[in-house]
Every structure is written in structure tokens, then in C-alpha cells.
Amino acid sequence: MDSDEDERIPLRQRPEWSDITPVPQDDGPNPVVPIAYSEEFAETMDYFRAVYLADERSLRALQLTTEAIHFNAGNYTVWQFRRVILEALNADLHDELEFVEHLASKNAKNYQLWHHRRWVAEKLGSEAAGRELEFTKNIFLNDAKNYHAWSHRQWVLQNLGGWENELSYCDKLLEDDIFNNSAWNQRYFVITRHPGIGGIEGIRDSEVNYTIKAIMTKPENESPWRYLRGLYKNNIKAFITDPKVSTVCLKVLTSKVNSVFALSLLLDLLVHGFEPTQELKTALESLIPESNNSDSDIAARVCSILEVMDPMRVNYWRWRKKSLFSC
Amino acid sequence: MIGMEPSSSSAEWKPTASQEEQWALERHVFHIYQLFCNIPPKSQAVMLELQRDNHIEYLMKGLRHLGPSFSVLDANRPWICYWILHSIALLGESVDDALESNTIDFISRCQDQHGGYGGGPGQMPHLATTYAAVNSLITLGGHRSLSSINRGKIYSFLQRMKHPSGGFSMHDGGEVDVRACYTAISVASALCILDKELTQGVGDYILSCQTYEGGIAGEPGSEAHGGYTFCGLATMILINEANRLDLPSLTDWLVFRQGVEGGFQGRTNKLVDGCYSFWQGGAAVLLQRLHEAGDLFQSHALQQYILLCSQVEGGFRDKPGKSRDHYHTCYCLSGLAAAQFRWSKDADREPLPGLVLGPYSNLLEPIDPLHNIVFEQFDEAREFFTESQHCDDA
Ligand SMILES: [Zn+2]
């Protein structure tokens, strides 16, 4: 299609299609949301319907799906029929990879494209792993948070392998942009699912150090704060007893920077039974110099500070405070 | 929340791509808010007014005609119907008899002979377009519309889409994700055909998609995301398993998605976008109901973002600088409705109007937030399907 984009020969004038009677769309006499299709679009779809209804699994039908997908990459029926044809023809799926790669430059957020890619990669098996990882890497050059590409990459790692350099790839992306939450999520994916890492418990210590470093460079960055909590998921005891967690709260609270996330983490610690040190209590006091705060409970005091410091979530912090005493 | 621009100082300081984007948007939005603050109250009221007539005109036009550029949505036509019809219903209007009849006729042509609706006539049935078609027909209401839905065949379509993981496939050979679960379960619930066979394993699947951040992802391992969080949470409520989720962390993640601009972002450290007014705002409303709490987010700030930043002359958009479309119009209005009402504890009772930003005439029709259908028509459909055939609650 690319070569003849400017001078497309209508299907009805192509001899190889002369035996096919196109099937028009059954829109009815007075359709709503009618689309003013271009002539080429309408013709392509009329011929597609004809081969689809006839279940014609041929090379020309395959080529027709290529044309139809170029017109509208969102037509899942066309994609599905294309897979049926590819199987019937026992086609070389490496060509299919190129087809998808070419399309992805314009349709990187299309569900069908990624679903198709996964299907192809699954057929090709572990030999495809390297190319798939490379493919998503290229997508991330333009859009480091492309949701579909990340899902695809995770699927590849889990089903085809290629875990070896994934953690350092996360390092690199986070070096480029420490606010890239998709990269943080991928990091979590790696440390919890990498078959060679053996679970979160073994790697927690070094990950906590990495995360705290990230927090200290940009305390206003929510991503590492959530990641830090994630490192203690399913291990509340470690969460409230690991001095590193409360220390990072203290450090941020005393450094006069945005401390909403530090306070919010501290609140979670307190709710789970953490006993604050005198140092932490003093740091909190200094955040409310007027000391017009009458909350005797320290968690409630944290909520009160957050109500003032984080007005967008004032309702939430009030509710959190109320919830402290309801159970 | 990425925070404010630093007050200079450190020399080696270099903003990242995420920060650059965020600050550019903040400048744009705060410029609008500043403009708003500096005009007399009368002009402010005008700026905050919901431009009902313009929106209706834009929506009606879309029902009647769509240009060639809409060809990329050729497999989403029931969605376009829903985005438009639901928006019209939220605005308290309805289509005339001829349009109503044409809509029922057109959507029927998308119905597959073995059950479910496709993206257009002759296309394979698909869960998402089935959701859009069913919601459109319920929104139209009335006997002809509701009885055009073949519930028995939809049930067997849903059964066919059931996946061994516990989730659902979008279509034959289609992708399995949280969206597929929601559209399947929502349709089954709205049509009163939800049973144990359909719900089996769904809760486990959704649970496996809740991330360390607290929100819900499209697939296990992926990043917490507003659209999937709404879908996952609504699904869990519909199958009566919401308490299996980590609700405190879900709530915490969700309230932090409201940005300084007042609107919601879809993911941590991404830009706010008008459509998340519903995906996140709607999920917040669902959480408020579960927690039996009052407002958990800033409803006024959200309404302000929708009215001043997303609203254009006829339709709504993602953010300033983007153009309007039917999708964002539908979900900005749905989000506005979610923000305008106070929800009674009794889930079956109609919500009460709360604080409406701007003139009181901005008040929209209340929605059932689980299915995102206007309450009155949703109720009518419930009654219709309960009476016409047995409605067995799973
Ligand atoms: Zn959007």
C-alpha cells in the first residue's frame, strides 16, 4: 500500500479481484453516526466484507487486510481475520513483525496492534524475545510511558524471557527521568517477578537504599514514595520497624522542602503501630509553630498538618483523621 | 503532583521531561485561572456557565453526520452513539422520535446473530461495543429500545468470552484485561443476567491487577491507571467483592491523582486530562459510598477544571490546547455529574444535588455511577428487565 499510496488502483479495476462482488455495509435507510467514508475506504471495506463472509483465506485476502488496516488500524474484525489467514497460509511471521513495526510509528496507542504483536511473538516463541524488547525500547524513545508498550514488554519478559538487563534498563530510564512512574512500576515488576531475584525479601535492602536516594534528590516526586511502601507490601512488621523508613521521613520533614509525602508515609507508619522517636515528634512540632494544635494523638496531629499543607486533599485528611478513632 | 517550579538556586538543576510537560500545562491552566480571578463576578458566572445549547448542537450534529476523519472510529460506532446519547441525557435533553427510532434501528444492525454487538454492522461482536450499545439503548429507554436487546444471546456471548484466567476476552481471540471484565459484568448486571457462572474467578483476576501503588492496572504487573481503576472497582462492587481489594491504598492512590489544576491525572506523574474526571471522579464516588464517607476529593476544584479548562464552545476536551471530541465530552460531563451530587447511603436511592459550581442551572441529571447511565433511565430498564423476565441476582 505504501508504494501506491498516491496512485491507488481501485479494487474494481484490478483483474485479480474481478471475480468478487463487493458487499456494501448494511447501515440501513437512516443510520445514525454515519461516517462520510472516502471512496477508497468504502471500497476496501466492501471487498473485505466479501472475502470475510466467504471465509476466503488467501494471499489476496491477506493483502486486502493490509490495506484495510492502513485505513483503520482499530478494526478488530479485520485483524482477527488476518490472523486466521496467516495461520491458514502458514505465513512467515517475521514479515508480520515488520508490518506491525511500520504501523506502530503512527498507531502506538492502538489496542489491536499490540494484541496482534503479542500473538505473533507468542507464535515465534523465545527466539523473538530480543527483537520484542528492542521494539518496545524504540517506542519508549518517543513515549517513555506508553501503556501498551509496557504491557507488551512485561508479557515478553514473562513468556519469552530476556530478564538479564531489565533492572539496569530501569536504572537508565529513571536516570533520564526520575519522575517516570512507568519505569518505577517496571522496576517493581522486575524485583517481584524476575526468576533470578527470588522475591522482594532478598533485594529489599538495596532497593530501599536506591529509593531513599531518589527521594532525597526530589522529595516532591510521588513515585519513589509509593515504591518505598510497595517494598514492604505484605510485611507490615518490617515496614514499621525498619529505621530507614522513619529516618527518611524525618530527614525530609527537617529539610524544609515539600513534605506532604513524608507526612503521609509517617501517617501510615503510625496507623500500623509505629512508635515515633522524640526527634520525629520535635520535627512535627516545628511544622506547627503556632502550636495551636490541640490534637493529643500524634497521628491526628499529622492529619491536621496535612489538612493545611495539602489543601487539595483536605477532605481526605479529615476523613483519615476521623477514621483513626472509629475502630 | 510533581510540585511547583523551584525558585532557582541549584545550578546543576535540570528538569526532566515529566517536569517540563507538567510545568507547561500548569502555566497554561493557571493563566486561565488568573484571568478568571481578575474579572468581575458577573463575567465569572458567565465563564462558569455550562454552555448547554452549544453542547447539544455539537452532539446532535455528530449523531447526524461524521466527516471522513471519523473512519478511524469505524469499529467504534456504538461507542459514538453512547458518548453522544449519554451526554445528551446528562444535559437533561432527549432526541426526537425519528432519531430515536433510527438509533434503535442502527444499533440493531450491529447486533450479532449469535449475541453481542460489534463496532458496526457486520463486525464481530465485541464486549466494549456491547457495553456501549446496551448503555445507549437503556439511555434511550422505552419498550421498543429495551426489547431490541436479545438478552439470552448476550448471555451466551458473555459466557463464550469467559477466559480461563477468570477474566474475559474482548472478542473471539481478543485481549484479556480489566476493561473486558468491567464491560462484561456491567452489561450482565444492567440486563439482570449476572450469575455465578459469569462472576466465577473475576474477583481473583481483578485482585491480581491491583498494584503496589494502590490503583488498578489493565493486566497483572502493569501500572495503576485511572480507567482500569474505575473498571476494576466498579466490577468488584457489582460482583459484591469490593472488600477483597486493599481499599485504603486504593483510596490513597486515587485522591492523590487530583492535580493542582483541579482535574485528575490517569497515572502518577502524568498530566491531568478531562476524561479522568469520570474515571477517577467516578471511582472516588464509588469509594465514598463504600466508606460511607462524605467527599474524599475536591469537588469544586474538579468542576472548575471541567468548566474552565475542558469546556469549549460545544463539547469538551482533554486539556487546554487539545481539540474537543465526543469521548471527552461524554466523560467530562459524566465527571461533572459525579462531582455535583451527594450520594445517599442507600445505593438504590437517587443521589441528591450537592454544591454546584457556577449557576445552579449547571446541574446535570444524576447518574448511576456503576454503569454510567442516567439514573432515571437506568431505573426504568431495571424495572423492565425484572418484570419482563426473571432477574436472578447471583
Ligand atoms: Zn482523555
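Residue numbering restarts at 1 for every chain, and letters A, B, ... go by the order of the sequence lines. Side-chain atoms are counted along with the backbone in the values below, which use heavy atoms only and exclude waters and symmetry mates. Please read all numbers here as calculations on a predicted model, not as lab measurements.
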Can you name the nearest heavy-atom pair linking [X] to [Y], along with the distance?
X: G28(A); Y: R109(B); value: CA-CZ, 3.2 Å
X: Y76(A); Y: G119(B); value: OH-N, 2.8 Å
X: Y37(A); Y: S71(B); value: CD2-OG, 3.8 Å

Region of [X] that comes under 4.5 Å of a non-hydrogen atom in chain A:
X: A217(B); answer: both
X: T129(B); answer: side chain
X: I84(B); answer: side chain
X: A17(B); answer: both
X: R267(B); answer: side chain
X: F297(B); answer: backbone

Between [options], which has the largest tally of heavy atom pairs under 4.5 Å with chain B?
options: M312(A), R153(A), Q25(A); result: M312(A)
options: N75(A), D177(A), D268(A); result: D177(A)
options: N72(A), N181(A), T77(A); result: N181(A)
options: G74(A), S223(A), S38(A), A73(A); result: S223(A)

S249(B)-K233(A) side chain donor-acceptor pair, cut-off 3.5 Å =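 K233(A) and S249(B) do not have a side-chain donor-acceptor pair below 3.5 Å.
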
inquiry  = If only side-chain N and O atoms count, and only distance matters, is there a donor-acceptor pair under 3.5 Å linking D295(B) with Y316(A)?
reply    =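 Side-chain D/A pair, Y316(A) to D295(B): absent.
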
key: Which of R64(B), H291(B), H326(B), K61(B) touches chain A most, by non-hydrogen pairs under 4.5 Å   =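 The option with the most such pairs is H291(B).
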
task = Verify whether the ring centers belonging to Y232(A) and Y212(B) lie closer than 6.0 Å.
result =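 Ring centres of Y212(B) and Y232(A) not closer than 6.0 Å.
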
Under 4.5 Å from a heavy atom of chain B, the part of [X] involved:
X: R318(A); result: neither
X: W317(A); result: side chain
X: Y52(A); result: side chain
X: W150(A); result: neither
X: D176(A); result: backbone

Listed partners of Q304(B) passing side chain to side chain donor-acceptor pair (under 3.5 Å), at least two apart =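 In terms of side chain to side chain donor-acceptor pair (under 3.5 Å), with neighbours along the sequence ignored, Q304(B) is linked to no residue.
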
E219(B)/R118(A) salt bridge by N-O under 4.0 Å criterion =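 Answer for the salt bridge query: yes.
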
cation_pi(R313(A), F256(B)) dist<6.0 Å, angle<=45 =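 The answer is yes; both the distance and angle limits are met.
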
message = As a test of understanding, state which of D252(B), T268(B), T211(B) forms a side chain to side chain donor-acceptor pair (under 3.5 Å) with R226(A).
response =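 Checked D252(B), T268(B), T211(B) against R226(A); only one passes side chain to side chain donor-acceptor pair (under 3.5 Å): D252(B).
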
